[in-house]
Amino acid sequence: MAQELGVSRQTVNALETGKYDPSLPLAFKIARLFELTIEDIFIDDVA
């Protein structure tokens with residue numbers, strides 16, 4: 001996954017554990033990779 005997104009494995013781990021919020025371009029790449037919308041992947045739990 002990291003290779004397909006053009007990021008490090010550490011970045012993927014930080015995304016998965018909630019320690020890092022992706023940039024908008026990276027969020028779009030992730031959404032395309034999983035064939036989902038950004039909203040489907042990144043839900044704001046604070047709202």
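This chain uses plain numbering: 1 for the first residue, then up along the sequence.
Taking D21 as the reference, nothing meets the side chain to side chain donor-acceptor pair (under 3.5 Å) condition, with sequence neighbours excluded.
The shortest non-hydrogen separation linking M1 to L33 is CG-CD2, 3.8 Å.
With values rounded to the nearest 0.5 angstrom, I38 atom CD1 is found 5.5 Å from L24 atom CG. Note that the CZ atom of F34 and the CD1 atom of I41 stand 6.5 Å from one another [nearest 0.5 Å].
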Residues 11-20 side chain polar contacts: donor-acceptor under 3.5 Å, at least two apart:
from, atom 1, to, atom 2, distance (Å)
T11, OG1, S8, OG, 3.0
T17, OG1, N13, O, 3.0
T17, OG1, A14, O, 3.4

